[in-house]
Protein chains: 2
Amino acid sequence: MSAALELISEQGFHKAPMSRIADKAGVGAGTIYLYFESKDMLIKTLYRELENEIMTAIQKGYPESESFRERFIHIWTSLLRYFIANPLHFRYLEQYHNSPYGVSMRRDRILSKTGDSSIFIDLFEEGVSSHTVKDLPIIMLFALAFGPMVFLARDHTLALIKLQDAHIVQAATAYWEAIENK
Amino acid sequence: MSAALELISEQGFHKAPMSRIADKAGVGAGTIYLYFESKDMLIKTLYRELENEIMTAIQKGYPESESFRERFIHIWTSLLRYFIANPLHFRYLEQYHNSPYGVSMRRDRILSKTGDSSIFIDLFEEGVSSHTVKDLPIIMLFALAFGPMVFLARDHTLALIKLQDAHIVQAATAYWEAIENK
DNA sequence: AATGATAGAATGAACATTCATTCAGTATTA
DNA sequence: TAATACTGAATGAATGTTCATTCTATCATT
């Protein structure tokens, strides 16, 4: 799986043939098929694995009983820090989201309201009902809060900028102000 | 080119073989090669075409002599309106940006400081030096301003939300507040 | 007007390559 | 020795690209 992660995140789905993934992993081509039904399944399993890892990272040190603002900033900074520390993970996720896989997954999730994003949804719902954040549709708040983060992470992973930790906190605060209900 | 646009934006690069593009365009497979050197060139040319179209859309009605705020909001709303009116264009651009094509292009542009994005850079530089917007690196301001827009456009094109024109103006204002120097 | 010649655009079958997947054989483990 | 894990050459489907040929429009000749 880490061989697949490296190749796909750097070269894209269609320039990461199973033969090369096997080479990089130091196994025979057929061995992969003992563990994964198909290339599609490998891609999807790897996605879920990364998603779980991210959720674990966010939950670590989560200030359960602090104010809404603290919890929001914790999640925001944890995520951005995770992406900066794991650029390959970030690039893989981005490619997945912008491929047919991601599109259909996104649709399914929103419609069935399942999946890990429910943590975010719960948080924002609390924020809206307590009038802590602006009264906008959840999905818009989500976009307003996390859209910039993806841009920042992308620029960082492409080595276009070098985000210091101070910048991360600064950006988190700026983005809190954008959704805050004043 | 419009056949390529439709297929690629809906199915992704690797599920849009030249043979199907030719079919959709109602021409023979070889005909494409009279106009484009290779599939890669077709993809790149189409990208530049769309980029030009967007630049034209932004420049239409640009309030040259109005305040910085007016010009920012004009650009922001024009872009989002364009993406909503042209969902296929948006999906194509997103796929391009998140593929190896886009990554290398982005790198080249930033390093050589050329390309159409100079309009945006000029605008933000003016904003920073006149203390109208927060004193942050241009690339961060850019992320903060346009990151959310991409999220909104994505959710809209996937039919997860339905953005009314009122929402667009509302969002533009919210995002002006996020970068404004208060 | 009628006929023939030329250009070059379009075609699509053929080719070479790439790739996911399989499976008969080999190595490893219990 | 039996069972399990692994291998990598072989397979066949899919795909980008080429090129000999066809078609159509324009020009030249009679």
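A quick note: this is a predicted structure, and the numbers were derived from the prediction, not measured. Numbers restart at 1 for each chain; the letters A, B, ... are given by sequence-line order, proteins then strands.
Pairs passing the side-chain hydrogen bond (donor to acceptor under 3.5 Å, both in side chains) check and including a residue from residues 26-39 of chain A, sequence neighbours excluded, do not occur. Sorted by first then second residue, the side-chain hydrogen bond (donor to acceptor under 3.5 Å, both in side chains) pairs that include residues 163-173 of chain A, not counting sequence neighbours, are Arg81(A)-Asp165(A).
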Item to check | ring-ring contact (aromatic ring centres under 6.0 Å, His included) evaluation trace for Tyr47(B) with Tyr101(B) | outcome: CA-CA 10 Å; Tyr47(B) 177 81; Tyr101(B) 300 114; 9.3 Å; no
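Classification of the Phe146(A)-Phe124(A) ring pair by plane angle, with boundaries at 30° and 60°, yields perpendicular. A tilted orientation is assigned to the rings of Phe13(A) and His14(B), their planes being inclined by 30° to 60°. Between Phe68(B) and Trp176(B), the ring-plane angle classifies as tilted under the 30° and 60° cut-offs.
Residue Ala29(A) places its side chain closer to dG8(D) than to any other of dT15(D), dC6(D), dG8(D).
For DNA chain D, the residues of residues 18-28 of chain A within the heavy-atom distance limit of 4.0 Å (strictly under) are Val27(A), Gly28(A), sorted by number. DNA chain C is contacted by Leu34(B), Tyr35(B) of residues 32-43 of chain B, taking any non-hydrogen atom closer than 4.0 Å.
By the neighbour-count criterion of 12 heavy atoms within 6.0 Å, atom CD of Glu49(A) is sparsely surrounded, having that number or fewer from other residues, nucleotides or ligands. Residue Asp40(A) places its CG atom among more than 12 non-hydrogen atoms of other residues, nucleotides or ligands, all under 6.0 Å distant.
The line from OH of Tyr62(A) to CZ of Arg71(A) is 5.0 Å long, rounded to the nearest 0.5 Å.
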Atom pairs, N/O to N/O, protein against nucleotides 14-16 of chain C, distance under 3.5 Å?
none

For nucleotides 10-12 of chain D, which of its nitrogen or oxygen atoms have a protein nitrogen or oxygen under 3.5 Å away, and what is each distance?
none

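For the pair Gly28(A) and Ala22(A), the tightest heavy-atom approach, listed with the atom from each and the gap, is O-CB, 3.7 Å.
Seen from the ring of Phe151(B), Arg154(B) counts as a face-on cation partner, given the 6.0 Å and 45° thresholds.
Counting only distance, with no hydrogens or angles, the side chain of Arg20(A) and the backbone of Lys15(A) share a donor-acceptor pair below 3.5 Å.
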